[in-house]
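Please read the structure below before turning to the comments.
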Amino acid sequence: MASVPQINSLPRDPLRDVIRVGMLGFGTVGTGAYRMLQDNREAIARKIGVPIEIVRIGIKDTEKPRIAPTELFTTDLKAIVYDPNVDVIIELIGGLDPAGDLIEQALRNGKHVVTANKELIAKRGAKLVELAAKNRLDLHFEAAVGGGIPLIQPLKHQLAGNDVIRLMGIVNGTTNVILTKMSQEGAEFEDALAEAQAKGYAEADPTSDVDGFDAQYKIAILASIAFGKEISPDAVYREGIRKITKKDIAYADVLGYTIKLLGIAEAKDDGILARVHPTFLPKDHPLASVNGVYNAVWIQGDFVGDVMLSGRGAGSDPTGSAVVGDLIDVCRNIRIGGAGNAIPYEPGAKTLSIDENVTRFYFRAIVSDKPKVLGTIAMTLGDHDVSLAAMEMRVLDPSKNLGEIVFLTHPCKEANFRKALAALPPTGVVEEVASWMRVEGASLVVEATRAE
Ligand SMILES: NC(=O)c1ccc[n+]([C@@H]2O[C@H](COP(=O)([O-])OP(=O)(O)OC[C@H]3O[C@@H](n4cnc5c(N)ncnc54)[C@H](OP(=O)(O)O)[C@@H]3O)[C@@H](O)[C@H]2O)c1
């Protein structure tokens, strides 16, 4: 490996001429981080005051071609964690174990840790952060949410004086690629997914992305940081995008909305409501124009007002950039002899059920095309405190006397809306509620044209 030039002009800690790093995992993110450390090594060394040296890299498969010198690689990951020459561990394996075990051992062994592991941080982050804080070590995980977008550090530092009222974001690139394709080209979900898989934007098994698990982990992490309280992923309501059809996307369009998979976390009077689900978003909302591989999070703080952070939410280079940013932060801290700045979350957050959600709803019903249908639907909804705000109707199949109506409701409690839907199909009026979704935005957007 090429040696980093000496930087004599900067003040130097005589005990520390170099900071030694052990990497666990060298896949997509690991190689991105390594490449950045190599390509920008002089500038990075200047910013820290001493160079960074990658001293060992743990992997599984010794036969794979690698972009780092062969002698750095080992399959003995424990040896890296226990190596007395290693100051910082970067964990880029993913999953709960062995990653979780190794991070815990590293922290118990006096090593600072940087990780991109969203599942681990979402599920066990509170314990690991507490362990880091107890041992006066850093545990950074900027890359776990939003790839290259700075989100966690701004929430922990620049925005820390605010009470966060609400955060809302597009935090999964795969689903955003699929929904963008469906919106812009009128594709159905299965076709858009197949294309995303062919282009490498979706995994062969897309469950984690399209069913919302990935976004659920990320919203659990963001909510925990934003509200300073541990929010388990199990407390984040989750729905994916499989059920979205091009018909719903077309109706959203004519009504003035676009459909996005949003993660939303908000502080209500009696607790925190966190959720991930497809949402009708007004076309003029800042998040509505975040398309394709881009991610963005929109944060409302009591003093700062609205802040939106956006960028590439995944991929080797953007995620590698976030890992290296965390590493530089850790190295600066080591250089000045500072204690770690892990900020433990408080336990015992009160979280709310999705039933407590208050929002507008969209629903699409297949109905018998006959008198009193509208009145019957409005009465049934009204019995559950749900009132209609807008509708669009068209004849579906004249031979069967079927019509299709889409409705937007006024804001109402989700529990009431669900009860109203369950009570809807009195035989001969509503044949089927074909789909329904939550609608974002306090005021109604209704554009006047008709869906094709
Ligand atoms: N990819 C992204 O765009 C992205 C974005 C944000 C966050 N992340 C997170 O970053 C982390 C890494 O993701 P990635 O995409 O880089 O994964 P990846 O490409 O699958 O790489 C995983 C690496 O870990 C090694 N590994 C896995 N299990 C191991 C074991 N039991 N023992 C030793 N080595 C093991 C693999 O070794 P071999 O090379 O020998 O197979 C590989 O080098 C995950 O937590 C992921 O959620 C990824």
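Counting starts at 1 for both ligands and their atoms, following the listed order.
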**Report entry** Pairs meeting criterion salt bridge (charged side-chain N to carboxylate O under 4.0 Å, His left out) with involvement of residues 209-218, two or more places apart
**Finding:** Lys118-Asp214, Asp211-Arg242, Asp214-Lys218

Query raised in the report: Do NZ/NE/NH1/NH2 and the carboxylate oxygens of Arg56 and Asp83 come within less than 4.0 Å?
Result: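 Here Arg56 pairs with Asp83 in a salt bridge, since their nearest N and O are under 4.0 Å apart.
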
Query raised in the report: Going by an N to O cut-off under 4.0 Å, is there a salt bridge joining Lys283 and Asp253?
Result: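 A salt bridge links Lys283 with Asp253.
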
Anything under 3.5 Å between a donor and an acceptor, one on a side chain of residues 320-327, the other on a protein residue two or more places apart or in another chain? List them.
{"residue": "Asp326", "atom": "OD1", "partner": "Gln153", "partner atom": "NE2", "Å": "3.4"}
{"residue": "Asp326", "atom": "OD2", "partner": "Phe141", "partner atom": "N", "Å": "3.4"}
{"residue": "Asp326", "atom": "OD2", "partner": "Glu142", "partner atom": "N", "Å": "2.8"}

Run the side-chain donor-acceptor check on residues 220-233: report pairs under 3.5 Å with partners two or more places apart or on a different chain.
{"residue": "Ser224", "atom": "OG", "partner": "Ala220", "partner atom": "O", "Å": "2.7"}
{"residue": "Ser224", "atom": "OG", "partner": "Ile231", "partner atom": "N", "Å": "3.0"}
{"residue": "Ser232", "atom": "OG", "partner": "Asp234", "partner atom": "N", "Å": "2.9"}

Query - Amino acids in close contact with ligand 1, where any non-hydrogen atom sits under 4.0 angstrom away - result: Gly25, Phe26, Gly27, Thr28, Val29, Ile59, Lys60, Asp61, Lys64, Arg66, Leu77, Leu92, Ile93, Gly94, Pro98, Ala116, Asn117, Lys118, Ala143, Ala314, Gly315, Thr319

Query raised in the report: Taking the six-membered ring where the residue is Trp, are the ring centres of Phe407 and Tyr362 under 6.0 Å apart?
Result: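 No, the ring centres sit 6.0 Å or more apart.
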
